[in-house]
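One structure below.
These values consider heavy atoms only, across backbone and side chains, with no hydrogens, waters or symmetry-generated copies. Here is the naming used below: chain letters follow the sequence lines, and residue numbers restart at 1 for every chain. The model shown is predicted, which means the values in this text are computed figures rather than measured ones.
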There are 2 protein chains.
Amino acid sequence: MAEAQSAAKSGETLLYLTDEQLRQGAEAMFFAYRGFTADPDRILTGLSYGRAHHRALHFIHGAPGTTVNNLLNILGVTKQSLNRVLRTLIEDGLVESKVGRTDKRERHLYLTEAGEALERELSDAQRARMRAAFRQAGPEAVAGFRRVLEAMMDPEMRRQFARLREGRG
Amino acid sequence: MAEAQSAAKSGETLLYLTDEQLRQGAEAMFFAYRGFTADPDRILTGLSYGRAHHRALHFIHGAPGTTVNNLLNILGVTKQSLNRVLRTLIEDGLVESKVGRTDKRERHLYLTEAGEALERELSDAQRARMRAAFRQAGPEAVAGFRRVLEAMMDPEMRRQFARLREGRG
DNA sequence: CTTGGAATGTCAACAAGGCTGACGTAAACT
DNA sequence: AGTTTACGTCAGCCTTGTTGACATTCCAAG
């Protein structure tokens, strides 16, 4: 049985993908994701924070003034789940929540100085590893990496991703 | 603007990586991993199983007869955590645990017929998405994807990964 | 041969962080 | 005025990670 073949974009790009190749891809994804989160996780343990806090800080940093609802869509969790995390961050003075001017139902979220500091610490740790990996693999590999990751997202998430990318140039 | 330039593999590999590029890489990783696990997760909800069960089934399938300790090293969790998952799988007749012949302390793990069936179902779902992503991105992108992921792993995990790959050809 | 430690695996209890459901409040919309 | 939207919160559940205590088995030193 011819398992996987396609003519891709141009011409006859036949692409045979064995189950074994796909298994290896899946395992690579698993191990790499562990590495990807390992450094910030290490920093967070002992601060009574977890990966969920990192994610919130990351996306608030990237889109200051975003609303709770917006963050919910990006993170793909329930508001109860997000709220627990957000509450502790606000209590600890890392995140500020401002009532919306035009729509007073909305809360706009911003990082405080302390929040920015922690976000930077976490992201720096994560970026150091990514930078090393990108350098080691080379620019063409990085382009391929990005292409595959985008193709692997849910379409909805791909739109979110594109929107975030545009929003920051 | 030439953001990332290099002389590729040989020679002067100059590679400028802005923080913004690295942020995008991190976000791509986050969204893609969600997509990567979405399909098997959907199957598992309602079966009182979770992602941890999938991982156990996956690696037992790939290395039949492996010991609990071995699995521990691959999965990177505590033995207590793994044991809970393993116990339910054994109770439900998906995994068989045989006392070691030479060393009776060890338990060798095998998938039963039912275990193989569920593993196949989960992996098929995951592979379908990966296959689509790989096809869409093209073979060169896939090669780059693999290179970056390997570079992103902890060295210890990279060794594990290589060992698994060899073990299956 | 015995004994003490190391290795392997099991049981119990707890915490983080997902989830659903229900409810309340304030603001906006129609 | 009534409905919908955005947000917060309480209560309770599940999965899956953690540490601590314990049983069994093996092995090596005395």
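In this structure B/Phe30 satisfies the ring-ring contact (aromatic ring centres under 6.0 Å, His included) test together with A/Phe59, sequence neighbours excluded. The side chain to side chain contact (heavy atoms under 4.5 Å, CB included) check on A/Lys104 picks up A/Val99, with sequence neighbours excluded. Residues passing the side chain to side chain contact (heavy atoms under 4.5 Å, CB included) test with B/Arg105 are B/Asp103, sequence neighbours excluded. Residues forming a side chain to side chain contact (heavy atoms under 4.5 Å, CB included) with B/His108 (at least two apart in sequence, or on another chain): B/Thr67, B/Glu106, B/Tyr110. In this structure, B/Phe31 has no ring-ring contact (aromatic ring centres under 6.0 Å, His included) partners at least two apart in sequence or on a different chain.
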Can you pull every protein N or O that's under 3.5 Å from an N or O on nucleotides 16-18 of chain C?
{"unit_1": "C/dG17", "atom_1": "OP1", "unit_2": "A/Gly50", "atom_2": "N", "d": "3.3"}
{"unit_1": "C/dG17", "atom_1": "N7", "unit_2": "A/Arg84", "atom_2": "NH1", "d": "3.4"}
{"unit_1": "C/dG18", "atom_1": "OP1", "unit_2": "A/Arg55", "atom_2": "NH2", "d": "2.6"}
{"unit_1": "C/dG18", "atom_1": "OP2", "unit_2": "A/Ser81", "atom_2": "OG", "d": "3.2"}
{"unit_1": "C/dG18", "atom_1": "N7", "unit_2": "A/Arg84", "atom_2": "NH2", "d": "2.6"}

Set out, line by line, the N/O atom pairs under 3.5 Å between protein and nucleotides 26-28 of chain C.
{"unit_1": "C/dA28", "atom_1": "OP1", "unit_2": "A/Thr102", "atom_2": "O", "d": "2.8"}
{"unit_1": "C/dA28", "atom_1": "OP1", "unit_2": "A/Lys104", "atom_2": "N", "d": "3.3"}

Pick out the pairs of N or O atoms, protein on one side and nucleotides 22-25 of chain C on the other, that lie under 3.5 Å.
none

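For the residue pair B/Glu27 and A/His58, a side-chain donor N or O sits within less than 3.5 Å of a side-chain acceptor on the partner. Checked by atom type, the side-chain pair B/Arg147/A/Gln136 shows no donor-acceptor distance below 3.5 Å.
Straight-line distance from the CG atom of A/Leu47 to the C1' atom of C/dA15: 16 Å, rounded to whole Å. If you take CG of A/Asn83 and P of C/dT20, they are 15 Å apart, rounded to a whole angstrom.
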Donor-acceptor contacts under 3.5 Å from residues 69-84 of chain A side chains, at least two apart:
{"unit_1": "A/Thr78", "atom_1": "OG1", "unit_2": "A/Ser81", "atom_2": "N", "d": "3.3"}

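The stretch residues 152-160 of chain A does not touch DNA chain D, since none of its heavy atoms comes less than 4.0 Å from the strand.
No more than 12 heavy atoms of other residues, nucleotides or ligands sit less than 6.0 Å from atom CZ of A/Arg101.
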Run the salt bridge (Lys or Arg N to Asp or Glu O under 4.0 Å) check on B/Arg120 and A/Asp19 step by step: do they pass?
CA-CA 11 Å; B/Arg120 204 171 313 122; A/Asp19 279 4; over 6 Å; no
Take A/Arg158 and A/Glu150, measure what salt bridge (Lys or Arg N to Asp or Glu O under 4.0 Å) needs, and give me the verdict at the end.
CA-CA 6 Å; A/Arg158 187 155 44 243; A/Glu150 276 202 56; 5.5 Å; no
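For B/Gln21 (side chain) and B/Thr18 (main-chain N/O), a donor-acceptor pair under 3.5 Å exists by modelled atom type. Counting only distance, with no hydrogens or angles, the side chain of A/Arg129 and the backbone of A/Asp39 share no donor-acceptor pair below 3.5 Å.
Checking each of B/Leu111, B/Val85, B/Thr88 against B/Val95 for a side chain to side chain contact (heavy atoms under 4.5 Å, CB included) leaves exactly one that passes, namely B/Leu111.
Among residues at least two apart or in separate chains, ring pair (Phe, Tyr, Trp, His ring centres under 6.0 Å) pairs with a member in residues 137-169 of chain A are A/Phe134-A/Phe145.
From the 5' end on, the contacts that DNA chain D makes with chain A at under 4.0 Å to a non-hydrogen atom open and close at D/dT5 to D/dC10.
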